Number of protein chains: 2
Amino acid sequence: MVEDLHPAIAARLDGDGQRYTSGRRRLVEALVGAGRPLTAAEVLTEGALAQSSAYRNLAVLEAAGVVHRVAGSDEFARFELAEDLTDHHHHHLICTTCGAVTDFTVPDGLERAVDALALAVTATSGFHADHHRIDLYGRCAACA
Amino acid sequence: MVEDLHPAIAARLDGDGQRYTSGRRRLVEALVGAGRPLTAAEVLTEGALAQSSAYRNLAVLEAAGVVHRVAGSDEFARFELAEDLTDHHHHHLICTTCGAVTDFTVPDGLERAVDALALAVTATSGFHADHHRIDLYGRCAACA
DNA sequence: ATTTATGCAAATCGTTTGCAAACCT
DNA sequence: AGGTTTGCAAACGATTTGCATAAAT
């Protein structure tokens with residue numbers, strides 16, 4: 001699926017009336033190479049684009065469903081590729097000291113239990129759930 | 001336990017070398033009355049204190065373990081009373097359209113499964129987990 | 001040729017900070 | 001009095017926007 005990644009992204013952008021420019025591609029490749037959510041500052045450094053272009057393109061990619069915004073414990077927005085592009089459903093370990101965010105996966109049974117809970121909440125309340133988050137907070141190896 | 005809330009808060013502040021001033025108490029009462037996480041703007045309006053005092057006191061209360069900071073889907077920081085003061089362990093429903101955050105609880109079995117997962121992660125990785133988060137994202141009743 | 005993307009610099013806005021006056025003990 | 005807290009106004013920093021140039025179709 002990784003070999004089909006860029007065509008899939010191009011298709012998604014096209015469906016949103018947007019082009020897959022070289023700057024956007026560099027930005028995506030920075031995210032692919034990282035394997036964890038990156039801050040805007042990391043993305044613009046790795047992708048070698050201007051600050052305004054990085055933010056504008058992250059917004060375009062987010063609107064097209066290519067990139068997903070992740071909130072951590074610090075003041076920096078972080079971005080990762082949408083899970084349906086990477087086929088890698090995961091959650092996050094968030095360091096409350098330095099703000100670092102890393103990926104991890106949880107057992108299938110737990111995922112199913114949370115999905116069932118989301119359905120129950122949607123059925124019994126006015127809130128329509130469509131996505132969940134199971135994160136662990138603590139100290140990363142570097143901050144322990 | 002609600003009748004012991006303010007003495008407990010005063011003790012926690014005192015342990016941190018801080019006083020429980022009237023402004024801090026108004027701020028706490030705004031959070032008690034809300035029953036959901038409040039933004040800094042909501043806190044300073046309800047507590048009728050200056051913006052700088054609201055932010056400074058929220059920081060003091062957070063450092064003393066009285067208040068806990070909650071990240072939502074928008075750009076506003078939100079604050080709630082620490083769970084060990086309210087004895088109300090809960091999670092959040094987060095509206096991806098308007099950013100509203102409301103409380104909800106999950107079944108005991110699911111809580112225990114996530115606690116067990118946190119222990120397993122701590123035992124097998126360099127990450128030391130001490131807190132978890134199970135949130136549902138979607139549309140609130142007003143935005144549906 | 002016309003539309004869209006880029007980069008620079010300036011603006012925006014939530015949050016933080018300096019400082020003098022008010023408060024507590 | 002001595003140290004702390006408050007409020008105002010100014011500063012800060014991540015993100016956004018205006019505008020002129022460059023690229024894509």
Side-chain angles (χ1 to χ4, degrees), chain A residues 6 9-31 37-64 66-80 98-101, chain B residues 6 9-30 37-64 66-79 98-101:
Chain A
H6 293 296
I9 290 172
R12 243 170 242 211
L13 282 169
D14 191 55
D16 222 44
Q18 298 284 353
R19 301 174 186 162
Y20 196 22
T21 65
S22 69
R24 288 171 188 172
R25 182 168 178 134
R26 290 200 303 281
L27 190 161
V28 165
E29 298 200 315
L31 292 175
L38 295 183
T39 62
E42 289 172 326
V43 165
L44 80 87
T45 300
E46 286 242 358
L49 46 167
Q51 165 167 274
S52 57
S53 300
Y55 280 107
R56 266 192 282 238
N57 286 329
L58 284 167
V60 166
L61 291 165
E62 190 182 10
V66 173
V67 152
H68 188 239
R69 186 182 296 250
V70 175
S73 66
D74 59 17
E75 66 273 31
F76 303 102
R78 286 158 200 270
F79 301 86
E80 64 186 5
C98 73
V101 180
Chain B
H6 293 296
I9 289 172
R12 244 171 241 211
L13 282 168
D14 190 56
D16 223 44
Q18 298 284 352
R19 300 174 186 162
Y20 196 21
T21 65
S22 69
R24 288 171 189 171
R25 181 167 179 134
R26 289 201 304 280
L27 190 161
V28 164
E29 298 200 313
L38 296 184
T39 63
E42 290 172 325
V43 164
L44 80 86
T45 300
E46 287 243 357
L49 43 168
Q51 177 178 66
S52 57
S53 300
Y55 281 107
R56 266 193 283 239
N57 286 329
L58 284 167
V60 166
L61 291 166
E62 189 182 13
V66 173
V67 153
H68 190 238
R69 186 182 296 249
V70 175
S73 67
D74 58 17
E75 67 273 30
F76 304 102
R78 285 157 200 269
F79 301 86
C98 73
V101 179

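Naming: A, B, ... by sequence-line order, numbering from 1 per chain. These figures come from a predicted structure and were not determined experimentally.
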Can you tell me the distance, in whole Å, between the [atom1] atom of [X] and the [atom2] atom of [N]?
X: B:Glu42; N: C:dG14; atom1: CD; atom2: P; answer: 13 Å
X: A:Arg25; N: C:dA5; atom1: CZ; atom2: P; answer: 17 Å
X: A:Leu61; N: C:dT4; atom1: CG; atom2: P; answer: 17 Å
X: A:Leu13; N: D:dA24; atom1: CG; atom2: C1'; answer: 15 Å

Which letters describe nucleotides 15-25 of chain C, given B = protein heavy atom under 4.0 Å from base, S = only from sugar-phosphate, - = neither?
BBBB-------
Test of understanding: with side chain to side chain donor-acceptor pair (under 3.5 Å), list the residues that count as partners of B:Arg69, not counting sequence neighbours.
B:Glu62
Identify every side-chain donor-acceptor pair in residues 47-60 of chain B under 3.5 Å, counting partners at least two apart or on other chains, and give the distances.
residue: B:Asn57; atom: OD1; partner: B:Arg24; partner atom: NE; Å: 2.8
residue: B:Asn57; atom: OD1; partner: B:Arg24; partner atom: NH2; Å: 3.4
residue: B:Asn57; atom: ND2; partner: B:Ser53; partner atom: O; Å: 3.1

Give a yes or no on whether the backbone of A:Val43 and the side-chain of A:Glu46 come within a donor-acceptor separation of less than 3.5 Å.
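Such a contact is absent between A:Glu46 side chain and A:Val43 backbone.
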Under the side chain to side chain contact (heavy atoms under 4.5 Å, CB included) test, residues paired with B:Asp14 that sit two or more places apart
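None.
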Phosphate-side-chain proximity, A:Asn57 and C:dA5, N/O vs OP1/OP2 below 4.0 Å
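For A:Asn57, the contact criterion (side-chain N or O under 4.0 Å from OP1 or OP2 of C:dA5) is not met.
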Checking A:Arg26 now: which residues fulfil salt bridge (Lys or Arg N to Asp or Glu O under 4.0 Å) with it, not counting sequence neighbours?
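Per chain and number, A:Arg26 pairs via salt bridge (Lys or Arg N to Asp or Glu O under 4.0 Å) with no residue.
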Can you name the residues that form a salt bridge (Lys or Arg N to Asp or Glu O under 4.0 Å) with A:Arg25, not counting sequence neighbours?
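So A:Arg25 forms a salt bridge (Lys or Arg N to Asp or Glu O under 4.0 Å) with A:Glu29.
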Could you check which of C:dG7, C:dT6, D:dT5 has an atom nearest any side-chain atom of A:Leu49?
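Nearest listed nucleotide: C:dG7.
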